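Below, read A as the first sequence line, B as the second, and so on, with proteins coming before strands; counting in each chain starts at 1. Being a predicted model, the structure only gives us computed values, none of them experimental.
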Amino acid sequence: MSEPTVSAEKVVKPQPKETHVATEWKHESPLMACRFDPQGRYVFAAAEDSSVVRWELKSGAKTIFKAHDSWVRAIAFSGDGETLLTAGSDGRLIWWETAAKDPKPLRSIDAHAGWVWSLSVLPDGKQVLSGGNDKLVKLWNIESGELVRSHAGHESHVYSVLAHANGQLALSGDLQGQVRQWNLATGACTRTFDAKTLHTYNGGQGVHFGGVRSLSMSADGARLACGGLYKASNPLGSVHDPLVMLFDWESQKLLQSYIAEGLKAVVWKTAHHKDGFLIGACGGTSGGFLLFWKPDAAKEFHRFKLPDIVRGMDLHPDSLQIATAHYDKTIRISVMQPKKA
Amino acid sequence: MKCDYACNSAEHNIARRNFLGQCATGAGVLGLGFLTRPAVAEQLAKQQKKILVINMAGGLSQLESWDPKPGTDTGGPFRAIPSSIPGVHVSELLPHTAQQLHHLGLVRSVNTKENDHGKGAYFMTTGRRRTPAADYPKLGAVTAKALAKAGESLPGHIHVAAGGGGGRSNDAAYLGPKFASITVGGGKPPQYSTPPKGLTDASELRRQQMRQKMNQRFALKRRTAETDAYVQNYEQARNLVRQRDVFDTSKESAQDHERYGKHDFGQQCLLARRLLEHGVPYVQVTHSNYDTHNENFIFHLEQVAEFDRPFATLVADIVDRGMLDSTLIVVLSEFGRTPKINNRYGRDHWGTAWSVLVGGAGIQRGAVIGKTNDNGTQVTDREVDGGHLFHTYLQAVGVDPTGTFDIGGRELPLADPSTESIQEILA
């Protein structure tokens, strides 16, 4: 551990331009996704060895959660933070005790036929959305594990899901760049957002590529960000540019197309900061970056280069720390504060 | 003065020891009339040895297909499923093919030491390493020359690919353009193969007789490879016009279109079945693209899933129609993909330890030859390369790979004389 992390209780303003890596922890396998728990005690990361790794932020103590027999793609928590949910390429959704000393699955269900890409817990903390390669968006009761409803309508793999802050709506984004808005009371698809720019079909290579890799809402609910890539001139060779499409929630008008000039990469994750800026985790042939955009400019106001390609990202509840999951088997905790002397 | 540019006959003769029991098919003694009797022709088409190659262009990952290593550092996210060969597992991306595998076989120990697309493809389709010193005919050309029946009017070397328009390739080397591949696709007859309106059979025959007379006179004194190519291409085109329906998959049932799938590859497999049934000795279907340096897993999910059902359907149909004993089935690539997963979830080029599917004619059912280590980085048993496989393909269809072609008086080996067949996979 290179530097103590910032205390969650300490109220300080973020300074994105001062962002630096404060802490690094290693695993034995490349990492893919990461999440802080809601209480800010731990950071969890999914690894290519099909495990989920928990590090305690204060001590760096490492614990392995192993039950999936394929890669874990998504991590989420119940509202009280005491239950960890993981899902992945085995199609399973597994319940765990977040703080368990010797983690064992509490429940495991076959949630989707094919990969599960994304999970999002509703604001009441009692239900969770999942989206997967079976083109379905499913709503689950966290306590009972029962399926509440399955939402059909996507025509391609569902890469991202997001519970709206009002608790009544859900959003899901797919490979072909369609974002569907679901009424959770009725199960009806009530609106769609057009993010097709994030999708490419390359006839020469015969492949579909791109998709809505991440969804996030601004704290005031006014803007929806869809992250991914565009200009995919060579999908198989990783030649494409990062892109985040920012939509006005009410009018569905495209407000911004956030780009990162000169980078060949994809925006794997986005997070709206409560202070109004958007953070994007960007990884590709150009390396790994945290990008910071303001609503009124397409170009980022700050670009922070990480030591290795980034694949996953999460913002700590303190709104100062950013966790990033890296190919070099490292979880990094960056802080939006000046380095301590 | 008679030109001696090539051999003396219109057909290049295959030199000594080239067939193993081919005459037993009866094709050599029946004359051409037999082809007009459908039942006899159908029976002969079944007995006629032929080769079906599925070319997984770009480099299929052996770990996401024939040699999965789940739970290892190289395994990736896909799991392994049991196949119809007891104890043999393949990637979960191949559920339909897994159920047909007992009809086929696997070679899991290919080491071509070649990571370049062009050189890898050359080695796998000619059985020899590419050098500036010489060019060698591809498997399809060798097969067409060795297996095509005398008087066969269809091309003997056909590639099926999206957008194929009937063009002739340059892949027969010294065997000459007659045995070069013709590329067709789209499930429709080749472009421009409809005879002009108003041209009667009688007038076409008179035109042809006149053309042949003039060609023969020209060839006596000024014969060149180019003029031979012109003549052969013209004759081939005439044959295509006569049998254009063979290429028309709309003649197949709606049920078959559904079984194979309506996407390009499904339709190409249906066309391949049609061509094999009509006795074409070599049919190659290309499925593209597997060159997944980036996002190997989502692209293999997309591509292998598209491959699986049509290929399994084609194998099942070949079995059901009694053609498996006469049809060698090969699924190959130019190389495999790196066990190490790169930082973009990709796999790169890897000729060191990978797999080829081979089955059908002359191959033991359910044979699995060779092994790789636990995480697939090295071959640990029965290492083979493109030369061994090339020999094996020929021997499996009854052609002696140690034989020679007589090309203009020179005896040229059918296959690399420095290597040999994989005997233990042969039936």
Do A:Asn202 side-chain atoms and A:Gly206 backbone N/O form a donor-acceptor pair below 3.5 Å? no
Can you tell me which portion of A:His157 sits under 4.5 Å from chain B's heavy atoms? Options are side chain, backbone, both or neither. side chain
For chain B, find which of A:Pro235, A:Gly288, A:Gly114, A:Ser238 contributes the most heavy-atom pairs closer than 4.5 angstrom. A:Ser238
Specify which of B:Asp73, B:Ile298, B:Asp264, B:Thr292 makes the most heavy-atom pairs with chain A at under 4.5 Å. B:Ile298
Assign the ring pair A:Phe65 / A:Trp96 to parallel, tilted or perpendicular, where the plane angle (0 to 90°) is split at 30° and 60°. perpendicular
A:Asp69 versus chain B, heavy atoms under 4.5 Å apart: side chain, backbone, both or neither? both
Hey, what's the ring geometry for B:His157 with B:Tyr282, parallel, tilted or perpendicular (30° and 60° as the breaks)? perpendicular
What is the minimum heavy-atom distance between A:Ala111 and A:Leu93, and which atoms define it? CB-CB, 3.8 Å
We want to know whether B:Asp171 and B:Ser181 form a side-chain donor-acceptor pair, criterion being a heavy-atom distance below 3.5 angstrom. yes
Name the orientation class of the two ring planes belonging to A:Trp55 and A:His27 (parallel below 30°, tilted from 30 to 60°, perpendicular beyond 60°). perpendicular
B:Glu306 portion near chain A, given a 4.5 angstrom heavy-atom threshold: neither
Heaviest contributor of heavy-atom pairs below 4.5 Å to chain A, chosen from B:Tyr290, B:Phe78, B:Phe297, B:Tyr345, is B:Tyr345
Highest number of heavy-atom pairs under 4.5 Å with chain A: which of B:Thr72, B:Asn342, B:Asn296, B:Leu301? B:Asn342
